[in-house]
Amino acid sequence: MRDPGSGPDLLERRRRLAELLLDTVLEGRDGCGGATTAELKAGVEDAVCAFLGHPRHGTRGERIPPGTCCRGRERTLRPLVQPLDQLAAGESARIVYIAPKHPDQLVRLSNLGVVPGAAVRLQQKRPATVIAIGETTLAVDSEITEDIYVKRLDEP
């Protein structure tokens with residue numbers, strides 16, 4: 001395996017990680033998706049790589065050269081931040097951000113306490129998605145849980 005520490009592999013790694021970050025977090029909004037000119041500064045790409053769960057492939061399936069942060073990893077890790085619907089029933093997480101498809105959903109969710117920083121527990125996925133926030137239990141449409149991005153809380 002070629003060392004990605006310099007040369008074309010490093011530049012390609014930075015470009016593909018930046019592209020994947022923009023497509024994952026911003027969902028290709030405002031022309032950001034498929035950004036081919038974006039490049040991460042030296043030292044930032046490992047943080048982005050870890051944030052994305054050490055991906056092996058970019059948005060179009062192209063290989064992302066592994067970096068020093070990926071060495072010794074035998075499997076791809078879960079992304080640090082991911083949609084709420086990716087949690088298993090019983091798992092808890094903290095809401096990082098909400099990216100609703102319809103702006104009015106953000107107001108409705110915030111009125112129910114579903115806001116960034118809130119701790120949430122996924123109680124069940126079927127037949128309906130049920131979440132608990134504090135003392136409030138809500139049945140939520142699965143399309144909405146796809147738009148709520150969370151970071152898993154460490155179990156005690």
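Values reported hereafter were calculated over all heavy atoms of this structure, with side chains retained and with hydrogens, waters and symmetry mates removed.
Note on Ile98 and Leu87: same hydrophobic cluster, where clusters join Ile, Leu, Val, Met, Phe, Trp and Tyr whose side-chain heavy atoms are under 4.5 Å apart, directly or indirectly. Ile95 and Val81 fall into different hydrophobic clusters, where Ile, Leu, Val, Met, Phe, Trp and Tyr residues are linked whenever their side-chain heavy atoms come under 4.5 Å apart, directly or through other members. Follow the hydrophobic side-chain contacts under 4.5 Å out from Val115 and you never reach Val96; the two are in separate clusters. Val120 and Leu109 fall within a single hydrophobic cluster, where Ile, Leu, Val, Met, Phe, Trp and Tyr side chains are chained together by heavy-atom contacts under 4.5 Å.
Residues forming a side-chain contact (heavy atoms from CB on, under 4.5 Å) with Ala128 (at least two apart in sequence, or on another chain): none. Take Arg108 and apply the salt bridge (Lys or Arg N to Asp or Glu O under 4.0 Å) test, not counting sequence neighbours, and it matches Asp104.
The two residues Leu153 and Ala119 come nearest to each other via the heavy atoms CD1-CB, 4.3 Å. Closest of all the heavy-atom pairs between Tyr97 and Pro116 is CA-CG, 4.3 Å. Taking all atoms of both residues into account, the shortest heavy-atom contact from Leu84 to Val150 is CA-CG2, 4.0 Å. Residue Arg152 comes nearest to Ala93 through the heavy atom pair CA-CB, 3.9 Å, listed as atom of the first residue, atom of the second, then distance. Residues Gly113 and Ala118 approach most closely at O-CB, 3.7 Å, considering heavy atoms. Across all their heavy atoms, Asp9 and Pro65 have their closest contact at O-CG, 3.7 Å.
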Salt bridge (charged side-chain N to carboxylate O under 4.0 Å, His left out) between Lys101 and Glu146, worked out
CA-CA 10 Å; Lys101 292 173 185 68; Glu146 295 171 355; 3.8 Å; yes
Show the numbers, then the answer: is there a side-chain contact (heavy atoms from CB on, under 4.5 Å) between Gln105 and Ile144?
CA-CA 8 Å; Gln105 287 177 340; Ile144 293 174; 4.0 Å; yes
For the pair Leu122 and Thr129, evaluate side-chain contact (heavy atoms from CB on, under 4.5 Å) and give the outcome as yes or no after the intermediate values.
CA-CA 8 Å; Leu122 182 65; Thr129 303; 3.7 Å; yes
Verdict with reasoning, Arg121 to Glu91, per side-chain contact (heavy atoms from CB on, under 4.5 Å):
CA-CA 6 Å; Arg121 181 175 183 82; Glu91 282 191 291; over 6 Å; no
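By the 4.5 Å heavy-atom criterion applied to side chains, Thr137 and Val130 are counted as neighbours.
To the nearest 0.5 Å, the span separating CD1 on Ile131 from OG on Ser92 amounts to 11.5 Å. Atom CG of Leu138 sits about 12.0 Å away from atom OG1 of Thr145, to the nearest 0.5 Å. A distance of 10.0 Å separates CD of Glu12 from CG of Leu17, quoted to the nearest 0.5 Å. Of the inter-residue distances, the one linking His57 atom NE2 with Arg63 atom CZ reads 8.0 Å to the nearest 0.5 angstrom.
In Gln124, the CD atom is crowded: over 12 heavy atoms of neighbouring residues, nucleotides or ligands sit closer than 6.0 Å.
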